[in-house]
Every structure is written in C-alpha cells, then in structure tokens.
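Let me begin by presenting the structure, written as structure tokens, before commenting on it.
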Amino acid sequence: MNNKVDVPPTLRIAGALPLAPAPETTPVRIHPRYGHLVGGRLVDGPTDADFATIEPATGKVLAQVGTADAALVDAAVASAREAYTSVWSKMPPAERGKYLYRIARRIQERSRELAVLESRDNGKPIRETRDVDVPLAAAHFFYYAGWADKLDYAAPGRVARPLGVCGQIIPWNFPLLMAAWKLAPALAAGNTVVLKPAETTPLTAMLLAEILLEAELPPGVVNIVNGAGATGAALVKHPGVDKIAFTGSTEVGRIIRRQVAGTNKALTLELGGKGAQIVYADAALDQAIEGCINGIFFNQGHVCCAGSRLLLEESIAPDFVARLKRRIEALRIGDPLDKNTDVGAINSAAQHATVCRYIDVGVAEGARMWQGAANEPPAEGWWVKPTLLEGVDQTDTVVREEIFGPVLSVLTFRTPEEAIRKANDTEYGLACGVWSEKTSKVFSTAHALQSGVVWANGYNLFDPASPFGGVRHSGFGREGGIHGIWPYVRLGER
Ligand code: ADP
C-alpha cells in the first residue's frame, strides 16, 4: 500500500514527522457586496464610499462593503428608538430571553460557517475560531438569556431598567465574539442597539445579521452599520444614543471619552493593554510555557489582554527561554483554514507594518530578536513569525507600548516585589498572569497587581460568567458575568 503523503515543503519540520494539510472544507457563501442591517432589513446604503474587506492570508479582496453615512446612522438610531419604545422595553423579560436563546442556538447551528468566515476575514486559525470565538459567542447569548428574567432578583428591592438605545463599536481582533459580548447583555437588559463592526472584519457581523433575521428578532432591536472611524464617530455624537460601549485602541477611546463628556450618555471603554506574565521559579514550567504560547502567539498577539511581557525569575530564565524557543519551533504558521495551523495571518497590511516597525524599534533600542516556527509562512498575505525580544528593559518602547502582534518581550526579576513593580510599571491595566505552585504567592502577587484581570496558572481563559475589563488606561466597565449587565441598566425604586 502506498501511504506516502505529498507534503508541501512549507509544512516539513526538520527532525519531526511532517503533517499532511488538513483543510477545513465547509463552504461559506460570501456576497460580492455587503450593506447594513437597519429596521430589520438588509439595506444597501450609500455606494459612494465602499471599501474592500481583504483576506489577510492571501491579500485578496473578499467583498466590498458599504459605508454608512450620517443619514444612515440616523436612520439606524431612529429604528432602534422605535423598537425600544414600542416593542423591546415593553416585552416581558422572559420573552426577550427566548430570543437570545434562539440566537445562541442558531449560532451553534451555523458555527462552522461562522468559523470559516471569521478565519478568512480576520486571518486567525480555524482551530481558534472553531474552538474559541464561535462557541464563546454562543455561550454569551445563552448566559445572558438566562439573566433576562432574573435581573430584578440580582438587585433586591430595586428595579433594573434599560438605558435605551446603545451605540456599540467593536474592533477586528475577535469580530463575532466582541459583537456577542456587546449585544447579549444589552439586549437581555431591554436595550436596543446600533452596532458598528470594525472595517477590516465586517463579514461575521453580517452573517450574524442573517441569524438575527432567522431568529425573527423584532425589527430595529439590533441595527448594524458598516464603515470606518467616521461612521463610529457619527454614532458616538448622535444625540439619540443613550450609551456608548467601545472596545478598541486607547487612542480612539480617549477621543470618544472627550466627545461623550458633558452629555447624558453612559460610557464603557475596553481599551489597550500590556499584560505581564510573571513566572516564579517554583511554577510548573511546561504549563507556564503553554500559557505564554496561548497568551501571545496562538492569536498572533491580536488580543488587548495579550501577555506581551514575560517576567521570569532570574534563576530559571535561561532554561525557560530555551524551552520556550523549542516549543515555538514546533508552531505551524500559515493557512488559517488548515486545522493544523497554530499561528495565522496578521489582520491587515497596516497592522503588519505596525508590528514590523515595533520589532525594528526594539532591535534599534538594543533588543536581541529571535523568531521561530516549524515552517516558513506563505509568500502571499501578511505574516509575522512568533518573535522574542530579549535583553530589553523597562524603558524600551517595546516594553512600554502595545504592539498587538506576536511579539514577546522577555524580562527578569529577583524578588516578588521587583516582579510586581515591573508588571505595574505601565500605563495599562487589563490583564496579567501569575505562575507559581505556591497559592499564597499567587494570591499575594495577584492582589498587588494593578490589573482588571489576573489569571493564576493559566492565561487567556474566558467564560461568559466571569467579568473582564481594565483599570487605568485600559478603560472601565466590565463585560461578562452579572458585572457585564450593570452598565446596561439603571437601577431605580420599585
Ligand atoms: P484598533 O487599533 O483595534 O483597530 P481602533 O480604535 O482604531 O482600534 O478601532 C476600533 C473600532 O473603533 C473600529 O470599529 C473603528 O472603526 C472604530 N473607530 C475608529 N475611530 C473612531 C472614532 N473616532 N470614533 C468612533 N469609532 C472609531
């Protein structure tokens, strides 16, 4: 029997068994052009400022997308207001919950399609979209469906009233999941929404629009307007919006905060980060290495809570880095639709340029740069191999600024106090990780960290019941858990 597999050279690893390609083949329909969801209908909107959404793994155009102008944003807000006053805020909460359950189930039913589309539009591996993004998106709708009729019990003696119309602006790193994080709690609490997806990743939001129509969500309860910063700004400034929820860069978060100041709009911001992973000498080192990989490389570092600073206790640093490099050399980079792929494509040409520029700056400031993977990335598309920057210190640009790419800066410490001081020496405060077999050390370190989230002996672990969000320049407000619903309600007297 001839069982020789013809393996492309890009997948051959020196000294390791080659893996045959394992492509995900679920077909997904991509329309030539996408408009918007307004008033329960898919509408074309203006066509004079269309933009292309590009497949990061190939650099080729996937579809054209319309830009919502101020008039269309106005129509979306008006439709959200009408749905709020006439239907959604009046509906018994248990009935609202049924719609959320229906959306959750439909996301599950169409999960492979959503995963393929997300991988194509965002560049992240199918393993991640299939096993993380899409299941978590469904889980968020299931979770908040359960809260819809229980909110009053969570605030004894008081009544939880919705805020009204929410403008929600989301980024490109977890396009469907961020939509779910935003929509599910807002809808469960009785608000209606105008959602603006990121301009480089609008496609799963538009498949979600189809799902919302299939779920027969009343028209106008969710509106989706596509476009870039100007569309987002029109939503932020619109006087008919009661709350803005934004996830994105600290820079845009600052602009939005200034625009919302002095208005009656409620605001939550989930912004950038510069997460530190503190690894003590007594940690389970192989587990910590997997945590580092998971924290920065599996998602191309496209995560605001990425563990982009590695703080190693000095005594273990050389051994840890050697083992980490060996592990990185087994990571496969390339086709996001191949089920063997660990590291996908950088989301856009602009982000690729940013990441490469930071690596250059790091080297210019004295860092030793090391890159590894099991194979060479494809010739087309935007790729950055997992990168370590060693020999850096606290004042270096790459240690201070968010890179949003697969780049890990390696630092050392001698005492817990030094580890904590270095971890806190940042303007951000979104997430950190602490690795130690000694629970008391984990807790004393975690309590001293100025960080919205601290993972103990793990990293990038998410659950809809668990709140997530930052402090300092990483923003304010929480998503997930009961904490994630409070920013969408006004507590009043019965
Ligand atoms: P990232 O660096 O993650 O792309 P951005 O903050 O640039 O983050 O973008 C996040 C989201 O904010 C996107 O949907 C983008 O279109 C939107 N956005 C960009 N500029 C503005 C703005 N001035 N006002 C409102 N939304 C904006």
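The figures here come from the full heavy-atom set of this structure, side chains too, leaving out hydrogens, waters and symmetry mates. First listed ligand is number 1; within each ligand, the first listed atom is number 1.
Defined by atom type and a distance below 3.5 Å, a donor-acceptor pair is missing between the side-chain atoms of Glu390 and Trp370.
Near Ala228, meaning under 4.0 Å from any of its heavy atoms, are these atoms of ligand 1: 16 (O). Ligand 1 places these atoms under 4.0 Å from at least one heavy atom of Trp172: 1 (P), 3 (O), 4 (O). Remark: ligand 1 atoms within the under-4.0 Å shell around heavy atoms of Ala233 are 24 (N), 25 (C).
Aromatic rings from Tyr101 and Phe141 are positioned such that their centres are separated by 6.0 Å or more.
For atom 4 (O) of ligand 1, the nearest protein heavy atom lies under 4.0 Å away.
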Stepwise, does the salt bridge (Lys or Arg N to Asp or Glu O under 4.0 Å) test hold for Glu109 with Arg112? CA-CA 8 Å; Glu109 284 160 6; Arg112 239 355 129 83; over 6 Å; no

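Considering only non-hydrogen protein atoms, atom 16 (O) of ligand 1 sits nearest to Glu199 OE1, 2.7 Å. Protein heavy atom at the shortest distance from atom 12 (O) of ligand 1 is Phe246 CE1, 3.2 Å.
Heavy atoms of Glu251 found under 4.0 angstrom from ligand 1: none, in either backbone or side chain. Looking at Thr231 against ligand 1, nothing comes within 4.0 Å, counting heavy atoms. Under 4.0 Å from ligand 1, heavy atoms of Ser249 appear from its side chain as well as its backbone.
Ring geometry, His302 versus Phe404: the interplanar angle falls under 30°, so the pair is classed parallel (tilted spans 30 to 60°).
A heavy-atom separation below 4.0 Å is not found between Phe404 and ligand 1. Within the 4.0 Å heavy-atom shell around ligand 1 one does not find Cys304.
Between Gln259 and ligand 1, no pair of N/O atoms sits closer than 3.5 Å. Backbone and side-chain nitrogen or oxygen atoms of Ile170 are examined, and one is located within less than 3.5 angstrom of a nitrogen or oxygen of ligand 1.
You'll find the side chain of Glu270 reaches within 4.5 Å of the side chain of Glu479, heavy atoms only. Residues Thr67 and Thr231 have side chains in contact (heavy-atom distance under 4.5 Å, counting atoms from C-beta outward). Side-chain contact between Leu324 and Leu388: present, with at least one pair of heavy atoms (C-beta onward) separated by less than 4.5 Å.
Judged by distance alone, with hydrogens and angles left aside, the side-chain atoms of Ser474 form a donor-acceptor pair with the main-chain N or O of Gly429 at under 3.5 Å.
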